2 protein chains.
Amino acid sequence: MERDAPVRPVQQHRHNLALVTRLAARLGPVSRARLAQESGLTKSTVTQLTGELLDGGLLREIGTGRSGGPGRPANLLVLNSLGPAGIGLQIEADHVAGCLLDLTGRVRDRALRRADDLRGDPLRAVKAAEPVLRRLLNTANSTDNVVAGVAVGLPGRIRDATVVRADGLGWTETNLPWLLGDRLTALGAGGIPVTVAGSHPLAARAERWFDGEDADVLVYVGGEDGLGAGVLVGGEVHAGARGAAGELGHVRVAGAEEPCVCGGRGCLDAVAGQSALLRAAGLDGPARSRLAGGESGLAGLVRSGEPGALSAARRAAAALGEVLGGLVPALDPEVVVLGGHFPALGEDFVGAVEAALRARCPGSETRVRASRLPPDVVARAAATTVTDALIENPAAWFAE
Amino acid sequence: MERDAPVRPVQQHRHNLALVTRLAARLGPVSRARLAQESGLTKSTVTQLTGELLDGGLLREIGTGRSGGPGRPANLLVLNSLGPAGIGLQIEADHVAGCLLDLTGRVRDRALRRADDLRGDPLRAVKAAEPVLRRLLNTANSTDNVVAGVAVGLPGRIRDATVVRADGLGWTETNLPWLLGDRLTALGAGGIPVTVAGSHPLAARAERWFDGEDADVLVYVGGEDGLGAGVLVGGEVHAGARGAAGELGHVRVAGAEEPCVCGGRGCLDAVAGQSALLRAAGLDGPARSRLAGGESGLAGLVRSGEPGALSAARRAAAALGEVLGGLVPALDPEVVVLGGHFPALGEDFVGAVEAALRARCPGSETRVRASRLPPDVVARAAATTVTDALIENPAAWFAE
DNA sequence: GTTCGATAGTCCAGTAGACGAACTAATTAT
DNA sequence: ATAATTAGTTCGTCTACTGGACTATCGAAC
């Protein structure tokens, strides 16, 4: 409910509609009676609201359930897996991944398009996204899912739905929703709203929603190259005053002198980024994506105990801990999750980061752990922003 | 409007009541017609709502205004300075300050009680607060203001309205609202709700509300001893997962070895705290409060260019910048405001902090500036939490 | 098998509160 | 004086939630 807007009966209705939809999502198959009880609304109202949601295709009635006790059995309601759905895209330098997510949160289809190098002209990425989109739109068509939106996650800084800067892709001031919207029209799916978000904030959301971490304040630190953080405050992504929250990659690490691609020296990226680690371990060359499934060279080296790799990892852990040490006491997050290439470095690495953090902030109770989610979770997390929006405002969807 | 609560006509009404009250507060003397226009409600509804607010004593009608143009002149409404008011207290180690604030934000009275040392038993502070409260309650009585609440600000970490830890006062797990509520009953003012908040978050609020800094993301770093930050996210105080957000005092500064009262070494407090600076400048002794109005010894020394003091200040600035360098890129605040004893150190100090911050985060656009507000603004900020609550929920007040 | 208690869900009159049009009120411009 | 303009009120209308009566469907007891 918007704070500075008047509340009329319509808004009242919207709010309650969202309330029961949210509850239906949280409680799974659920009776109207239970919805009434949990929401605080009366049975009559719930009947009315669920009626609208059924008509609108957001809910589905699955047969009568439970028989454990006296009384008329409930007619169970669930989110409609065949109703509106969301497409999530993940654009990285070497691939575009996508998935189609239904309202229940189930992935109905995936698609992946590898490419040698998508950096430079954004149209290259848009072109690579086209077959991915085509496949997902086709799937949606064949499963009777209506695509309610496309959400894109990419490593960059976003403001006002525009990609302000994406170092890893070499983009500046790119209006991705516009470009993709164009391509969607060409695919016969014009008019579908397109949104963009940063990969790190999306990964942070994913940690909260997919890994049962019900922390209201959570920091996700993710990686490969272009290190950055996604900050969740009050369960929501915190963008910062200029959309630059979480830009940790070029924070200077005390005592470090490594040259960085940004032109500076001693940036966190240059100490703890994936390429930097590979180089320090004597494994020069372009960083390989973990999408292939295999261990990145670095992880293997760390595991094998190769001295150069170990010392590079130790140094990276210390640097990461140092930077986190300035952030953790200010925000007091419930947990800091390390993603990107960090989990591959093993539990010892995480322990070392936590130790370095504790050394800087002795009093903090913030936990540190490695992400358990796969790197391609960003596409899925992006798709959830679409389905979430549907659940949080069903009325907007009914209005088409 | 609570997210997980059903919205009935009553809540609709509450929301709209708060909306017009907020607008009346923001726009100053204002006509019903203007309120209708700004709020998006109809004139009829505004008439109805303002009627309630007038009856409840939150609004007052001042005569008819403006005559610049044709048409019936407006009957101007303002927040009622003679209606409900709030008392704010500020408890520090050497004094208790308080003020009585009316709805319009005007300070109707102040009171101050100095004491040698209020540390240790919380009852000592409560006792010192008693004359302050008595005076303010008396004033309220004589001006026909009804005290709607007492809010206390103190240097400590608060969770669930309980003082979890207040190093500067030597308190642990103190239920201050309970203790003060008792004292209020003794003063014949029982039943007045008492709340507690940390001084730094309150100071952050003050920077936003009293100094026209309309930043949604703001960090206030305040001091004397027990350095800490108040973090505003979305215009609201961010408490952190465990109420520990902003606890910067014992973050370790790289390369620093000064022993700290906490038992550790190299804490920010031990490098940039007031006592530490005085000691480093060769001016040992207890830190003097700035309430006296005179310059603290340190500020004078820095101004006079005494080498020891200058080097200590430079070191403090570098340390502060370093710690901020971990926090700023994560949060991307609009501005960082330095309060406590820092403004007394002069503009050069602020410049040095900003330089150190920039050195760590080259890309950041966050401004750094000294607070322009007096240190006793905490009492006033505390009082605003009471008046704000009234404005944000008039219905709760009508219900007494 | 029938009856009773329990639970699920629907129906409908009642009600709170915002809306809108018509109205009154007070002022300036002609 | 009269028209134009803006402020504010009145009253009937509309929307959407409520509460109680009612129907539906089950298990358990007789």
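We use all heavy atoms of the structure for the numbers below, so side chains are in, but hydrogens, waters and symmetry mates are not. Computed from a predicted model, the values in this text were never measured in an experiment. Chain letters run A, B, ... following the sequence lines, proteins first and then strands; every chain starts at 1.
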task: State whether the side chain of Thr162(A) and the backbone N or O of Ile158(A) hold a donor-acceptor pair below 3.5 Å, judged by distance alone.
output: no

Between Ser44(B) and Arg34(A), the residue closer to the 5' end of DNA chain C by nearest nucleotide is Arg34(A)

Spell out yes or no: do the side chain of Ser31(A) and the base of dG9(C) have one donor N/O and one acceptor N/O closer than 3.5 Å?
-> no

- prompt: Taking NZ, NE, NH1 and NH2 as the nitrogens, is one of them in Glu213(A) or Arg205(A) under 4.0 Å from a carboxylate oxygen of the other?
  reply: no

From CG of Asn75(A) across to P of dG9(C) the rounded distance in Å is 5 Å

task: Inspect the contact between Arg3(B) and Glu392(A) and indicate whether a charged nitrogen and a carboxylate oxygen are less than 4.0 angstrom apart.
output: yes

Of Lys43(A) and Gly40(A), the one whose nearest nucleotide on DNA chain D sits closer to the 5' end is Gly40(A)

Contact check, residues 6-23 of chain B vs DNA chain D, heavy-atom distance under 4.0 Å, returns Val7(B), Arg8(B)

Rounded to whole Å, the CG-C1' distance (Leu49(A) to dC17(D)) equals 9 Å

**Study point:** Carboxylate-amine/guanidinium contact Arg22(A) Glu38(A), below 4.0 Å
**Key:** no

Gln37(A) CD to dT7(C) C1', in whole Å, measures 12 Å

Closest of dG8(D), dG27(D), dA8(C) to the Pro70(A) side chain is dG27(D)

To the nearest angstrom, the CG-C1' distance between Leu76(B) and dT27(C) comes to 14 Å

Atom CZ of Arg72(B) and atom C1' of dA26(C) are separated, to the nearest Å, by 6 Å

Rounded to whole Å, CD of Glu61(B) lies from C1' of dT9(D) at a distance of 13 Å

Please determine whether a side-chain nitrogen or oxygen atom of Thr47(B) lies at a distance below 4.0 Å from atom OP1 or OP2 of dT9(D).
yes

The reported gap from CG in Leu58(B) to CD in Glu52(B) (rounded to nearest 0.5 angstrom) is 10.5 Å

Glu52(A) atom CD is separated from dT15(D) atom C1', nearest whole Å, by 12 Å

